[in-house]
Amino acid sequence: MTIRLHDTRTQTLQDLRPVHPGRVGLYVCGPTVQSAPHIGHLRSALVYDIMRRWLTASGYRVTLIRNVTDIDDKILAGAAGTAEPWWALAYRVEREFAHAYDRLGVQPPTYEPRATANIQRMIDLISRLVERGHAYPAADGSGDVYFDTASWPAYGELTHQRLEDMADAADADPRGKRDPRDFALWKGRKPDEPEDASWTSPWGRGRPGWHIECSAMSTAYLGETFDIHGGGRDLRFPHHENELAQSAAAGYGFARIWVHNGLVSVGDQKMSKSFGNSVFAADLLDRAPAQAVRYLLGSAQYRSTLEYSPAGLDEARHTVERIDAFLARAASEGAVPTPATVTRDDVPAEFARAMDDDLNVPRALAVVHERVRQGNAALAAGDRDAAVAAADAVGAMLRVLGLHPDAFARQGRADDAATQALDRLVAERLDSRAHARAARDFTTADRIRDELAAAGVRIDDTPDGARWSVDDD
RNA sequence: GGUGGAGUGGCCGAGUGGCUAGGCAGCGGCCUGCAAAGCCGUAUACACGGGUUCGAUUCCCGUCUCCACCUCCA
C-alpha cells in the first residue's frame, strides 16, 4: 500500500513516506475569519477531511492542524467604523465556519490554533530570521520587519518563478523595503489602528504579517519537518511561497509535500466576492441536505476546478437518495449497520486504489455506484447474501468518504413520537387504499395517494405492500 | 510579460496508445392497474491542424480559446 499525492514543488506524484513511521502530520491553511464561509471554503475543508479519513483508515495516526487567522487587515477593516470590536467580529465569523463545517460532517482538526494565541512564537521566528540575516527592520522607523528575498536564492522554488519576473509585492507600504518584493513579517502599529490589535515586540508594538503565522504554528505543532501542507490553489503565491522561504531560511525542513486543492467556479469563473457570484455555505446547506452538498463537493477530483450549479446540486441529491435507498432496502433484508469506524480492508480493492492514487474520489465513487447497482440487482433477484455483501462494501466506502447516511441524522424531523403518530394516520389511509386497489377501484386509490402526496407524504408500492416516506423538499 | 492549469457526448466528471469510468438527464424494454423505485439495453465524445504509429481522445509539434496566481482570497 502506497498513498501518492501530487506535490506542487516538484510537480510530480510523491509517495507518502512519513517523517515518523505510522504517523502523518498534516497542516492546512484555514480561513481568515473576516466574512461568512462560502462553498469554496467548504470544498477546501472537505478535501482535507477526506484525506485525513483515508489516511486514518489506512492505519496512520494523523495529526491535522488547521489554523484560524483571526488578526488581519481585512478583519480590522471590517470592524472599523462599526460598533463591533475586531476580535468580536473574528470570533463571530469563526463560529459560522465551525457551524458550517459541522453541518457538512467535517471532523474537527486535531487542533485549531489561532493566530492571536501564537504571537510569541511568531516573534521568536522573526527574531531568528533577523539573526540569520534573512530579515530586517524597516529603516523608516515604521516598526515593520521584512523578509529579505534577495538573501534567499531559492525564493520562488514552490511556484517555479524567478524573482526578476515577478511583479512587486504590495502587502505593505514599500517605503521601508530594500526590495519591492520583500514581504512583511511584522507590521508596526499605525495610529488609526485599535490599541488592542497590537502586541509588544523587539521592534515596537505591532502585529504579525499574514505569512509568518503558518510557519510558526505548523512547526510548533507538527515539528520543524512535517509531511503534508495543504491549502487552496490561490494560496500558492504569495502565501505559500513566502511561508516556504521564511521557514527554510529559518533552518526548518518544513513540509515535504505541498498539496493544493482546486477552486470552485460559477459560470466558468472563479467565485469571489468582487464578482458577486458567491454561494454561501449557509444558503447552500439550507437548499439541500448536507449529505448531498458533501457528495457534490467530492464529485470532482480535489485538484480540478469544480463547476457549481443549482442543477448539479439537485442531481447530487438524487444520487445520494439512490444510494441511501439501496442501503435501506438492504437493511430490511438483513444487512447490519455499518460500523462507525472502518479500515481500508473493509472497502473494495478498486476503491482503495483510486483513493491511493492522489485521492481520486470520482473514481472511488464509481466503485460505490457499481456496488449499488449490483446490490440492487441482487435484491431484485432475491439473492440476499449478495445484496448484504454489496451493502457492507457500500457502507464502508461511504464511511471513508464521510457520506454515510447514518452520519447525517435528520435534524428536527426524526422525532419518534411524531413519527409514530404520523405512521398511524398514514397507515389508516394506506389500508383504505389497499382495499380500493383490491376492489380495482383505482380512482379512489389514486385519490388517496394524491392526497398524501399533497401533504408531503410519498407512497411507493412494493411487492410487500405500500411504503411511505416524507418528501425532502 | 512570468508561472500554473484546462478544453471529453445534453450537463457534471474520470481515464487510457487498441478492449472507450461513473452520475444525472434522454430513448427502448422488463416489472406495475397506473405511478415511483429498481433492473436490462441503448444513442450522442474526446477544441482545431499537422506528425509519429499497424492503430491516437491518449505521444510530439503548431494554432485557437478559456481559467487561476503574480493585489486580499479556499
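Each chain gets a letter, A, B and so on, in the order its sequence line appears, and its residues count up from 1.
Side-chain proximity of A:R458 to the nucleotides B:A36, B:G23, B:A68 is greatest for B:A36. Checking B:A37, B:G22, B:C24 against every side-chain atom of A:A366, the shortest atom distance belongs to B:G22. The listed nucleotides are B:C24, B:U3, B:A21; the one nearest the side chain of A:Q161 is B:U3. Comparing B:U3, B:G13, B:G22 by their closest approach to the side chain of A:A300 singles out B:G13. Taking only side-chain atoms of A:H160, from C-beta outward, the nucleotide of B:G13, B:G4, B:A74 with the closest atom is B:G4. Across B:G22, B:A37, B:A74, the shortest atom-to-atom separation from the side chain of A:S44 is found for B:A74. Taking only side-chain atoms of A:D446, from C-beta outward, the nucleotide of B:A74, B:A14, B:G33 with the closest atom is B:G33. With distances taken from any side-chain atom of A:P238 to the nucleotides B:G23, B:C70, B:A14, the minimum falls on B:C70. Between B:A74, B:G13, B:C39, one nucleotide has an atom nearer to the side chain of A:R322 than all others, and that is B:C39. Taking the side chain of A:F237 as heavy atoms from C-beta on, and the options B:C70, B:A68, B:G33, the nearest nucleotide is B:C70.
Comparing the same atom, C1', in B:C64 and in B:G49 gives a spacing of 10 Å after rounding to whole Å. Atom P of B:G55 sits at a distance of 15 Å from the matching atom of B:C19, rounded to the whole Å. Going from the P atom of B:U8 to that of B:C66 covers 14 Å, rounded to whole Å. Comparing the C1' positions of B:A21 and B:G15 gives an interatomic distance of 7 Å, to the nearest angstrom. Distance check on atom C1': B:G7 versus B:U42 gives 28 Å, rounded to whole Å. Across the C1' atoms, B:A56 and B:C61 are found 15 Å apart, a figure rounded to whole Å. Distance check on atom C1': B:U3 versus B:C59 gives 25 Å, rounded to whole Å. Taking the C1' atom of each, B:A47 and B:G5 are spaced 16 Å apart, rounded to whole Å.
Distance, A:Q301 CD to B:G5 P: 13 Å, rounded to whole Å. The OH-P distance, from A:Y295 to B:G13, rounds to 12 Å in whole Å. As a whole-Å value, the separation of A:N261 CG from B:A74 P is 10 Å. Taking atom CG of residue A:D450 and atom C1' of nucleotide B:C34, one finds them 11 Å apart after rounding to whole Å. Per the geometry, CD belonging to A:E307 stands 12 Å off P belonging to B:A14, to the nearest Å. If you take NE2 of A:H239 and P of B:G4, they are 21 Å apart, rounded to a whole angstrom.
Note on A:L235: only backbone sugar-phosphate atoms sit closer than 4.0 angstrom, heavy atoms only; bases stay farther off. Counting any heavy atom pair closer than 4.0 Å across all strands shown, A:H318 reaches no nucleic acid atom. Among the atoms of the strands shown, none is found under 4.0 Å from any heavy atom of A:R43. Within the nucleic acid shown, A:R353 has no heavy atom closer than 4.0 Å to any nucleic acid atom. Using a 4.0 Å heavy-atom criterion, one finds that A:I39 contacts no nucleic acid atom at all. Contacts of A:V28 with the nucleic acid, taken as non-hydrogen atoms under 4.0 Å apart, are absent. Among the atoms of the strands shown, only primed sugar atoms or phosphate atoms (P, OP1, OP2) are found under 4.0 Å from some heavy atom of A:G231. Residue A:A377 is in sugar-phosphate contact alone, with no base atom involved, counting any heavy-atom pair closer than 4.0 Å across all strands shown. A:G40 comes within 4.0 angstrom of a base, heavy atoms only. The residue A:H38 sits close to a base: some heavy atom pair falls under 4.0 Å.
The pair A:D49-A:R43 does not count as a salt bridge, with every side-chain nitrogen at least 4.0 angstrom from each carboxylate oxygen. In this structure, A:D346 does not pair ionically with A:R399, as no charged nitrogen and carboxylate oxygen lie closer than 4.0 Å. Ion pair A:E96/A:R92 flagged as a salt bridge, since at least one NZ, NE, NH1 or NH2 atom sits closer than 4.0 Å to an Asp/Glu carboxylate oxygen.
Applying the salt bridge (Lys or Arg N to Asp or Glu O under 4.0 Å) test to residues at least two apart or on different chains, none of the pairs has a partner in residues 380-398 of chain A.
A donor and an acceptor atom sit less than 3.5 Å apart, one in the side chain of A:D461 and one in the base of B:C34. Judged by atom type and distance alone, A:R437 reaches the base of B:G33 through a side-chain donor-acceptor pair under 3.5 Å. Residue A:N360 places no side-chain atom within donor-acceptor reach of the base of B:G15, judged by atom type and a 3.5 Å distance cut-off alone. No hydrogens or angles were tested; on distance alone, a donor-acceptor pair under 3.5 Å links the side chain of A:R449 to the base of B:A35.
Regarding contacts with the backbone of B:A74, a side-chain N or O of A:H41 is found under 4.0 angstrom from either OP1 or OP2. Contact check, A:S309 against B:C12: no side-chain N or O comes under 4.0 Å of OP1 or OP2. Taking side-chain N and O atoms only, A:R373 has a distance below 4.0 Å to OP1 or OP2 of B:C40.
Ring geometry for A:H229 against A:Y27 counts as tilted: the plane angle lies between 30° and 60°, on a 0 to 90° scale. Between A:H239 and A:H211, the angle of the ring planes lies from 30° to 60°, which puts this pair in the tilted group. Ring geometry for A:F97 against A:H41 counts as perpendicular: the plane angle is over 60°, on a 0 to 90° scale with 30° as the lower cut. Using a 30° and 60° split on the angle between ring planes, A:H134 and A:W152 fall in the perpendicular class, above 60°.
A donor-acceptor pair shorter than 3.5 Å can be found between the side chains of A:Q161 and A:T159. For the residue pair A:D70 / A:T116, a side-chain donor-acceptor distance below 3.5 Å is found, with atom types taken as modelled.
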Nucleotide-level pairing of RNA chain B, given in dot-bracket where Watson-Crick and G-U pairs need both distances under 3.5 Å and | marks other strands: (((((((..(((.....[...))).(((((.......)))))....(((((..]....))))))))))))....

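The backbone N or O of A:V367 sits nowhere less than 3.5 Å from a side-chain atom of A:E350 that would complete a donor-acceptor pair. Looking at A:Q291, its side chain does come within 3.5 Å of a backbone N or O of A:L403 through a donor-acceptor pair.
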Run the ring pair (Phe, Tyr, Trp, His ring centres under 6.0 Å) check on A:F226 and A:F254 step by step: do they pass? CA-CA 6 Å; A:F226 58 93; A:F254 214 57; 5.1 Å; yes

Take A:S304 and A:Q301 through the test side chain to side chain contact (heavy atoms under 4.5 Å, CB included) and record every step on the way to the result. CA-CA 6 Å; A:S304 303; A:Q301 204 266 353; 4.0 Å; yes

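Within residues 387-405 of chain A, no residue has a heavy atom under 4.0 Å from RNA chain B.
Ranked by how close their nearest RNA chain B nucleotide is to the 5' end, A:A380 and A:Y302 are led by A:Y302.
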